[in-house]
2 protein chains.
Amino acid sequence: MTTQSFPVTELVAARRPTRKDAARNYDALLAAAREAFAEHGAEASLEDIARRAGVGIGTLYRNFPTRRQLFETVYADEVNALCQLAVEVAEREPWEALTVWLDRFAGYMVTKRAVREALDGESEVFVACRESMYAGGGPLFARAQEAGVVRGDMEFGDLLRMVAGIMATAFEDEAQRDRVLGIALDGVRMRKDPGA
Amino acid sequence: MTTQSFPVTELVAARRPTRKDAARNYDALLAAAREAFAEHGAEASLEDIARRAGVGIGTLYRNFPTRRQLFETVYADEVNALCQLAVEVAEREPWEALTVWLDRFAGYMVTKRAVREALDGESEVFVACRESMYAGGGPLFARAQEAGVVRGDMEFGDLLRMVAGIMATAFEDEAQRDRVLGIALDGVRMRKDPGA
DNA sequence: ACTCTACCGGAGGCGCACCTCCGCTTCAAC
DNA sequence: GTTGAAGCGGAGGTGCGCCTCCGGTAGAGT
């Protein structure tokens with residue numbers, strides 16, 4: 001198993017308690033929060049999350065004194081997983097590696113959008129997430145650009161936002177979403193024709 | 001002034017009261033709701049909306065017995081304006097007409113996304129909005145396709161969702177948003193080169 | 001000017017989510 | 001097995017948004 005360290009990697013593990021029951025509760029809370037955020041967005045009730053996790057509301061507040069800290073932990077966890085994936089796909093063809101990774105990125109964004117929006121863009125954790133995302137996915141993008149399969153007048157951040165935006169929208173069905181994403185990625189791909 | 005009737009056009013005017021003070025309050029409520037939804041999304045407080053409009057909460061409930069009705073009216077109003085614009089730009093060059101219209105569409109979507117999401121896709125008003133949108137913007141799209149400036153394997157609905165998704169995302173600045181939108185629209189545009 | 005009716009506003013009851021606080025429980029070190 | 005510290009859970013206070021209801025007000029018809 002390939003495991004590499006990114007800015008978020010430490011942050012994720014840092015707060016997890018050591019005592020056995022406490023660690024179990026912590027994990028249950030994180031899982032419940034992921035589920036609740038996916039279902040109800042950032043407005044999910046904290047009491048509902050505690051209930052799902054099978055712990056008291058007090059336990060939730062001990063582990064995550066603020067709503068924000070819960071958001072941050074859930075989000076950082078996902079970003080870390082994405083970074084690990086980037087390492088795994090790094091050996092494939094440039095364009096394929098990039099799209100495989102984007103595919104997974106897109107999947108996360110569907111449910112994590114609400115959490116991201118609720119996070120202040122300047123918080124320590126959010127900055128670490130951004131840096132990790134660039135450290136993980138950036139090389140895939142750069143390689144594709146160097147290989148001449150991605151247009152030069154675009155930045156990695158542009159691509160992330162484009163995909164995130166499209167994934168956050170409601171479509172009639174999966175086919176339509178894929179079609180639209182494909183068309184947009186056609187704009188990303190280097191054109192074979194020279195002029196206008 | 002070009003004024004044309006679309007499915008939403010009647011719905012918009014239907015509920016407006018006739019008495020002078022009532023009509024004034026109705027308009028103030030709509031304006032306040034637009035503002036509040038843009039600022040806080042679909043979770044905006046109804047009491048805050050009433051306060052902004054300078055009317056009592058009772059007046060809000062008399063005009064819009066349910067939160068949904070307020071959403072619907074605000075949204076239908078915007079759609080109607082978009083339809084009127086489509087009529088106005090119909091004489092320009094196909095690609096230009098389409099992009100001018102999309103530009104305005106994009107502007108609306110930034111603030112109206114929350115409202116749209118809160119609306120049930122099957123409600124009478126929402127269906128009328130969808131039909132109006134297609135009746136207004138569809139011809140611009142069809143004309144651009146016939147003129148050979150838009151790829152053939154795309155539907156109007158695909159384009160709307162693509163633009164809506166991109167506009168709903170947070171960007172670093174306006175320049176980045178424009179750049180990303182431009183790249184995505186490059187995917188929409190007919191390619192000059194023949195093969196892959 | 002008068003009337004009568006439609007409309008106005010906001011006080012207040014209700015319910016839900018947030019968060020604190022503390023007596024009880026469980027872990028783990030010895 | 002004992003013990004003390006770390007952890008647990010949920011009762012309950014607080015605040016806020018939703019919605020109803022009705023005494024007062026202001027427009028429209030005569």
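Each chain gets a letter, A, B and so on, in the order the sequences are listed, and its residues count up from 1.
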Undergrad: Taking any heavy-atom pair under 4.0 Å as a contact, classify B:Arg67: base, sugar-phosphate, or nothing.
TA: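 Sugar-phosphate only.
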Undergrad: C:dC7, D:dC8, C:dC18: which one has an atom nearest the side-chain heavy atoms of B:Arg62?
TA: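 When the side chain of B:Arg62 is considered, C:dC7 is the closest of C:dC7, D:dC8, C:dC18.
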Undergrad: Does the side chain of B:Thr59 come under 3.5 Å of the side chain of B:Asn25 through a donor N or O and an acceptor N or O?
TA: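 There is no such pair (donor and acceptor under 3.5 Å, judged by atom type) between the side chains of B:Thr59 and B:Asn25.
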Undergrad: Nearest to the B:Glu47 side chain among D:dG7, C:dC19, C:dG12, which nucleotide is it?
TA: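 The answer is C:dG12.
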Undergrad: On DNA chain D, compare the nucleotides closest to B:Gly58 and A:Ala22; which residue's is nearer the 5' end?
TA: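 Of the two residues, A:Ala22 wins.
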Undergrad: The test is side-chain contact (heavy atoms from CB on, under 4.5 Å); show your working for A:Glu124 and A:Glu72 and say whether it passes.
TA: CA-CA 10 Å; A:Glu124 186 199 357; A:Glu72 288 180 342; over 6 Å; no
Undergrad: A:Arg24 side chain: which of D:dC18, C:dA17, C:dC27 is closest?
TA: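 Nearest listed nucleotide: C:dC27.
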Undergrad: Please determine whether a side-chain nitrogen or oxygen atom of B:Asn25 lies at a distance below 4.0 Å from atom OP1 or OP2 of C:dC7.
TA: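 No, no such contact exists.
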Undergrad: Both B:Lys20 and B:Arg51 contact DNA chain D. Taking the nearest nucleotide for each, which residue is further toward the 5' end?
TA: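 Result of the comparison: B:Arg51.
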Undergrad: Please report the shortest heavy-atom distance between A:Ile49 and A:Ala36, naming the atom on each side.
TA: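 Heavy-atom minimum between the residues: CG1-CB, 3.6 Å.
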Undergrad: Any side-chain N or O of B:Thr59 below 4.0 angstrom from OP1/OP2 of C:dC7?
TA: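 For B:Thr59, the contact criterion (side-chain N or O under 4.0 Å from OP1 or OP2 of C:dC7) is not met.
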Undergrad: Give the rounded distance in Å between these two atoms: CD of A:Glu43 and C1' of C:dC18.
TA: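 From A:Glu43 CD to C:dC18 C1': 14 Å.
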Undergrad: Does any N or O in the side chain of A:Asn80 come within less than 3.5 Å of the main-chain N or O of A:Asp77, such that one atom is a donor and the other an acceptor?
TA: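 Such a contact is absent between A:Asn80 side chain and A:Asp77 backbone.
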Undergrad: Is A:Arg19 close enough to C:dA28 that one of its side-chain N or O atoms is under 4.0 Å from OP1 or OP2 there?
TA: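 For A:Arg19, the contact criterion (side-chain N or O under 4.0 Å from OP1 or OP2 of C:dA28) is not met.
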Undergrad: Base, sugar-phosphate or nothing for B:Ile57? Non-hydrogen atoms, less than 4.0 Å.
TA: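 Base, at least one base heavy atom under 4.0 Å.
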